[in-house]
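Lettering of chains follows the sequences in order, A, B, ..., and the numbering in each one begins at 1.
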There are 2 protein chains.
Amino acid sequence: MTSIRPRPATITDIARQAGVSTATVSYVLNDAPAGARIPEATRARVRAVADELGYVPHASARSLRTGSSSMVLHVHLDVVQGQLASEFLYGLTHALRELGYTLMQYGAERNRGVKAARGWAGMRPAAVIAGYDRLTPAGIDLLGKSGIRVVAVGADPAEVKGTGLSTLRMDNRTVGEEAARHLVGRGYRDLAAVIPAEPPLRGMGEERLRGLREAAAAEGATVRTQDMDWSPESAGSVVRAWLAEGLPEGVFGYNDEFSGLLLGALHDAGVRVPEQVGLVGADDIMLCHMLRPKLTTVRLEAQDPGEVARRIVEVVTERAEVHLSPWRPVLVRRGT
Amino acid sequence: MTSIRPRPATITDIARQAGVSTATVSYVLNDAPAGARIPEATRARVRAVADELGYVPHASARSLRTGSSSMVLHVHLDVVQGQLASEFLYGLTHALRELGYTLMQYGAERNRGVKAARGWAGMRPAAVIAGYDRLTPAGIDLLGKSGIRVVAVGADPAEVKGTGLSTLRMDNRTVGEEAARHLVGRGYRDLAAVIPAEPPLRGMGEERLRGLREAAAAEGATVRTQDMDWSPESAGSVVRAWLAEGLPEGVFGYNDEFSGLLLGALHDAGVRVPEQVGLVGADDIMLCHMLRPKLTTVRLEAQDPGEVARRIVEVVTERAEVHLSPWRPVLVRRGT
DNA sequence: AGCCATTGGTTATTCGTTTAAGCTAAGTTA
DNA sequence: TAACTTAGCTTAAACGAATAACCAATGGCT
């Protein structure tokens with residue numbers, strides 16, 4: 001026995017069963033001004049039938065007709081991670097919902113540039129929010145042509161270009177600068193930094209490193225760097241290299257998680273933190289409170305929580321072009 | 001100066017510019033069998049115009065017409081976290097894409113039950129995959145009425161009911177059992193466990209605890225429990241309570257992150273792990289490799305990677321009803 | 001009685017796409 | 001030469017919802 005696929009109820013079904021026209025149903029269900037002249041008795045009947053049939057408006061049909069979409073697409077790496085990203089998403093989801101938009105996420109996208117952009121554009125979202133490493137000028141152009149606003153997150157406006165593009169800059173340089181100020185302030189002159197080897201994080205790492213370098217140079221400190229993978233083994237070999245060439249005085253571990261791996265490897269090598277080597281991470285995730293000694297870190301703090309969401313909403317609703325860098329680095333001094 | 005909103009190109013635009021009908025354009029662009037009689041010259045012209053105009057098909061219009069959606073909705077907690085979830089999502093995204101489906105994620109949803117279900121149903125996805133704590137019988141019913149398949153993740157089929165519901169059981173009881181076996185095997189008889197206080201995690205915690213309790217009781221061990229918040233302070237007060245009432249021999253920390261917090265608090269209290277207290281976490285995330293001693297943990301391992309994705313695809317495409325529990329607990333013995 | 005206003009709706013069109021069912025002109029066959 | 005094929009399209013009708021424009025019936029006013 002094959003069961004027939006249940007068909008979702010439509011306004012036509014409601015209209016038939018309530019003995020009115022589809023127009024009436026639409027007016028009632030939307031509390032449309034044009035339907036104000038429909039008496040309460042009819043309205044109640046229509047609503048009752050809609051309820052009984054479990055009616056749910058067809059979002060695609062509606063947006064096709066009205067020509068406007070209530071969806072905002074967020075494109076991310078395989079999976080969203082980290083506290084900053086989590087807070088960002090949470091705030092954004094709710095701010096957008098309040099304005100009648102729905103934030104949908106689309107992840108694990110291997111395609112890039114135009115090919116990916118075509119996929120996004122097909123859903124005709126009101127806007128696309130994407131990490132800047134997902135975007136190419138051609139892709140931005142294609143979205144722009146379709147009237148879809150694009151917000152590049154983490155981008156320096158000078159780097160990513162395209163018509164109608166907005167940027168939300170996560171200024172990673174300042175993170176590195178803050179870390180350098182802290183380490184140099186402790187009297188360290190021989191600094192080392194680690195930079196993630198894999199592509200999606202590498203760009204961020206380079207930015208943080210640039211800030212670190214500049215601020216260190218200004219104070220007369222030197223910085224050596226090494227690539228590192230997201231694995232305990234890689235952390236081990238970084239530490240072995242340091243032991244071979246002489247321990248640095250201060251280390252910037254790119255972020256808290258890489259720093260956690262380094263801290264473990266340093267411990268295994270018998271290096272004492274912070275007595276022999278000072279360590280500073282970045283992002284201030286809960287991990288800092290699990291490690292011993294507790295991890296000192298630099299956190300990007302929203303200058304005004306909600307600001308980001310509000311500005312994105314501006315981009316979406318008012319078609320404004322917005323470029324802002326709403327985060328500020330803050331050092332959280334702990335045990336390392 | 002107000003710029004006019006760019007209108008995405010439609011097949012009508014292409015038809016006009018290429019001097020053919022919209023039907024022809026559609027046939028060409030879809031490589032439809034019915035369009036096989038269209039000569040290459042025309043096809044090339046149509047395609048050229050489509051390219052030039054940056055045409056991207058309107059997914060909503062298409063799915064409205066064909067009556068079938070290529071979207072699968074994944075509803076999750078605020079943000080997806082953890083390795084298991086990440087692997088699951090990644091595999092699923094790609095398996096579905098291969099079959100022409102697009103996995104979209106929808107998070108940070110406060111609404112539950114019917115209200116949430118209405119929102120999901122409005123997008124007319126082919127299926128909804130949701131944590132079982134997001135679902136209520138009424139919500140499942142509403143989705144079923146609309147012909148949308150529902151997959152409850154993490155649910156025991158006996159617990160969650162509804163027409164046409166499939167379940168993907170993440171059997172958290174077995175995680176607790178495996179932890180108990182390990183701790184008892186070490187000779188501990190006085191066990192303690194921690195359970196997250198907040199709602200979304202609480203359910204999982206209770207399941208894990210149930211398994212722990214049963215397996216411990218079978219071996220003649222006792223289990224005391226305490227609520228814990230996701231904060232270092234809460235971990236501290238849990239440890240203080242233990243000190244007051246006598247240290248347990250073995251602790252199950254619910255998951256790796258809670259265990260990490262506990263490990264830090266134990267360290268601060270001068271309790272040595274594993275000499276005085278044995279500790280086992282769950283999920284086997286990278287954190288285990290950062291802590292010292294390294295964290296012993298129980299991991300749910302996919303019995304067959306890809307199995308989950310394949311079965312979900314069955315649900316989506318063949319309207320099968322599937323109930324499986326594709327994960328198996330594995331103990332990873334490390335330092336604690 | 002004739003006109004107007006109001007009530008309570010309905011009709012018809014549109015959004016972008018797909019697709020079954022035509023239709024015309026040229027070529028082929030009986 | 002008439003009938004039949006075939007190539008190469010086109011026409012038209014959906015899908016579900018929104019909405020401008022219309023309309024019939026009733027009541028009130030002059």
Side-chain angles (χ1 to χ4, degrees), chain A residues 5-46 50 53-70 100 121-125 146-148, chain B residues 5-46 50 53-70 118 121-125 146-148:
Chain A
R5 172 148 201 152
R7 204 179 47 84
T10 69
I11 50 168
T12 310
D13 299 330
I14 301 177
R16 188 175 8 224
Q17 193 155 334
V20 293
S21 71
T22 62
T24 302
V25 174
S26 176
Y27 287 140
V28 169
L29 261 28
N30 293 314
D31 285 321
R37 300 189 315 183
I38 297 166
E40 188 49 38
T42 309
R43 307 169 84 86
R45 189 156 35 97
V46 167
L53 264 43
Y55 173 73
V56 175
H58 192 304
S60 297
R62 172 178 282 168
S63 89
L64 176 61
R65 173 59 234 254
T66 63
S68 69
S69 161
S70 69
M123 319 200 198
R124 298 288 193 279
S146 300
I148 299 167
Chain B
R5 171 144 203 157
R7 204 178 47 85
T10 69
I11 50 168
T12 311
D13 299 330
I14 300 176
R16 188 175 8 221
Q17 194 155 331
V20 293
S21 72
T22 61
T24 302
V25 175
S26 177
Y27 287 138
V28 169
L29 262 27
N30 293 315
D31 285 321
R37 302 191 311 185
I38 298 165
E40 187 51 37
T42 309
R43 308 170 84 85
R45 189 155 37 96
V46 168
L53 263 42
Y55 172 73
V56 175
H58 193 303
S60 298
R62 170 177 285 169
S63 88
L64 176 59
R65 174 58 235 252
T66 63
S68 70
S69 161
S70 68
R118 296 189 89 246
M123 320 204 197
R124 296 289 192 277
S146 300
I148 299 167

Any base atoms under 4.0 Å from [X], or only sugar-phosphate, or nothing? Heavy atoms, all strands.
| X | result |
| --- | --- |
| A/R62 | sugar-phosphate |
| B/T42 | sugar-phosphate |
| A/V25 | nothing |
| A/T12 | nothing |

Value in whole Å for how far the [atom2] atom of [N] lies from [atom1] of [X]:
| X | N | atom1 | atom2 | value |
| --- | --- | --- | --- | --- |
| B/I11 | C/dC15 | CD1 | C1' | 12 Å |
| A/N30 | D/dA20 | CG | C1' | 15 Å |
| A/D31 | D/dA17 | CG | P | 16 Å |
| B/R16 | D/dT10 | CZ | C1' | 16 Å |
| B/H58 | D/dC15 | NE2 | P | 18 Å |
| B/D13 | C/dC15 | CG | P | 11 Å |
| B/Y55 | C/dG16 | OH | P | 10 Å |
| A/R45 | C/dG8 | CZ | C1' | 11 Å |

Is any side-chain heavy atom of [Y] closer than 4.5 Å to one of [X]?
| X | Y | result |
| --- | --- | --- |
| A/I38 | A/T24 | yes |
| B/I11 | B/H58 | no |
| B/R16 | B/V25 | no |

Of the options [options], whose atoms approach the side-chain atoms of [X] most closely?
| X | options | value |
| --- | --- | --- |
| A/T10 | C/dG22, D/dG16, C/dT10 | D/dG16 |
| B/L64 | C/dG9, D/dA20, D/dG16 | D/dG16 |
| A/T24 | C/dG9, D/dG16, D/dA20 | C/dG9 |
| B/S26 | C/dG9, C/dT19, D/dT10 | C/dT19 |
| A/A23 | C/dT17, D/dA17, C/dT11 | C/dT11 |

Practice task
Keeping the roles fixed (side chain from B/S69, backbone from B/R124), state whether a donor-acceptor pair exists under 3.5 Å.
Solution key: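 At least one qualifying donor-acceptor pair exists.
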Practice task
Give a yes or no on whether a donor-acceptor pair under 3.5 Å exists between the nucleobase atoms of D/dG16, that is its base, and the side chain of A/R65.
Solution key: no
Handout entry: Side-chain donor/acceptor contact of B/Y27 with base of C/dA20 under 3.5 Å
Key = yes
Handout entry: Given B/D13, B/T12, B/I14, B/T10, the one that forms side chain to side chain contact (heavy atoms under 4.5 Å, CB included) with B/T22
Key =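 Passing option: B/T12.
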Handout entry: First encountered from the 5' end of DNA chain D, between A/A9 and B/V20
Key =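 Counting from the 5' end, the first nearest nucleotide belongs to B/V20.
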